[in-house]
Participant: 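First, the structure itself, so that you have it in front of you.
Below, chain A is the first sequence line, B the second, and so on; all start at residue 1. These figures come from a predicted structure and were not determined experimentally.
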2 protein chains.
Amino acid sequence: MKTEEKILTAEQEKMARYAKAMGHPVRIYILQLLAGQSCCYTGDLSEELPIARSTLSQHISELKDAGLIQGEYNPPKIKYCLHQENWEEAKQLFTNIFKLKNNGNKCS
Amino acid sequence: MKTEEKILTAEQEKMARYAKAMGHPVRIYILQLLAGQSCCYTGDLSEELPIARSTLSQHISELKDAGLIQGEYNPPKIKYCLHQENWEEAKQLFTNIFKLKNNGNKCS
DNA sequence: TTCGCATTTCGTAAAAATACGAAACAAAAA
DNA sequence: TTTTTGTTTCGTATTTTTACGAAATGCGAA
């Protein structure tokens, strides 16, 4: 970024952050599971998904860092759920961009 | 991916693809502009955004490759608009994941 | 043909994402 | 105390993303 002046809004940055976190099929899988059904444990996922446990752990970390999910130590397991508040915020941001009306403007 | 069996669905892959394309503030900016207002030209954007023209062009390419926008050569400019059909599909995919009900399941 | 305009492609560099297996860790069970 | 269980961190390799300026492209105008 060249200049000092801020062109991109905080909302755009936030939305991009959420979108980026959702930008991998494994992470979509996890979010879908959590959004639709319940909380879950890393071990459960690792049995369903064809990736190494360490890789899965990395994906979970990214979702956590982005704020979309949260974990609770429930020894010896860790229980993961959606971060309700941020998930709601993400929903709002995506809803907003998709409901914009562009008067049927199109190219071809 | 280790095994042959397919765990991740085509929908999940597609959604991740769209999300990934939306995973950068500049690209959100562009999509928001196109969704809300009209079509636009690279030059217009390049005057508003503090990035090099070539970088902007790359971002546009990514949105095009992901299928979210389309361009029409309108010499000597190129006019970009949303790809209505795919944009609608993305909207549907995101709407679906966000409307899932998880019975208030949460961690803390 | 030569010029100018709008945009992309090329070459390159630096940073981030993706993936794995091995090792570490924390806490309960033996 | 040692072992087991569930999970993460470390070390590493490969690929992808992000970014820039310079050069190339396509095309209408002079």
Participant: Separation of A:Asp65 atom CG from C:dT18 atom P, in whole Å?
Facilitator: 13 Å
Participant: Whole angstrom is fine here: how far is it from CG in A:Leu63 over to P in D:dT8?
Facilitator: 12 Å
Participant: Would you mind telling me which of C:dC20, C:dA26, D:dG21 lies closest to the side-chain atoms of B:Ala52?
Facilitator: D:dG21
Participant: Compare the minimum distances between each of C:dA26, D:dT18, C:dT18 and the side chain of B:Lys20, then state the nucleotide with the smallest one.
Facilitator: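 In terms of side-chain proximity for B:Lys20, the closest of C:dA26, D:dT18, C:dT18 is C:dT18.
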Participant: Check whether any side-chain heavy atom of B:Leu49 lies under 4.5 Å from a side-chain heavy atom of A:Leu8, and answer yes or no.
Facilitator: yes
Participant: What is the distance, to the nearest angstrom, from the CG atom on A:Asn74 to the P atom on C:dA28?
Facilitator: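 From A:Asn74 CG to C:dA28 P: 11 Å.
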Participant: I want to check one thing: is the phosphate of D:dA19, taken as OP1 and OP2, less than 4.0 Å away from some side-chain N or O of B:His59?
Facilitator: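 It does, given that an N or O in the side chain of B:His59 lies less than 4.0 Å from OP1 or OP2 of D:dA19.
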Participant: Could you give the CD1-to-P distance, from B:Ile28 to D:dT18, as a whole number of Å?
Facilitator: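 My rounded result for the distance is 12 Å.
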Participant: Between B:Lys14 and B:Glu89, does any NZ, NE, NH1 or NH2 come within less than 4.0 Å of an OD or OE carboxylate oxygen?
Facilitator: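 A salt bridge links B:Glu89 with B:Lys14.
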Participant: Whole angstrom is fine here: how far is it from CD in B:Glu13 over to C1' in C:dT18?
Facilitator: 14 Å
Participant: Measuring only between side-chain heavy atoms, which start at C-beta, is B:Gln32 closer than 4.5 Å to A:Gln12?
Facilitator: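 A side-chain contact under 4.5 Å exists here.
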Participant: So B:Leu45 and B:Leu33, do their side chains get closer than 4.5 Å, heavy atoms only?
Facilitator: yes
Participant: Write down the distance between CZ (A:Arg27) and C1' (C:dA16), rounded to a whole number of angstrom.
Facilitator: 12 Å
Participant: Would you find a donor on one side and an acceptor on the other, under 3.5 Å apart, between the side chain of A:Arg27 and the backbone of A:Ala21?
Facilitator: yes
Participant: Below 4.5 Å, heavy atoms only, C-beta onward: do B:Leu82 and B:Leu31 meet side chain to side chain?
Facilitator: yes
Participant: In whole Å, what is the span from the CZ atom of A:Arg17 to the P atom of D:dT17?
Facilitator: 18 Å
Participant: Would you mind reading off the distance between A:Tyr73 atom OH and D:dT5 atom P, rounded to a whole angstrom?
Facilitator: 15 Å
Participant: I would like to know whether A:Phe94 and B:Thr95 meet side chain to side chain contact (heavy atoms under 4.5 Å, CB included); could you show each step before the answer?
Facilitator: CA-CA 8 Å; A:Phe94 280 95; B:Thr95 300; over 6 Å; no
Participant: Produce a footprint string for nucleotides 7-14 of chain C: one letter per nucleotide, 5' end first; B if the base is under 4.0 Å from any protein heavy atom, S if only the sugar-phosphate is, - if neither.
Facilitator: SBB-----
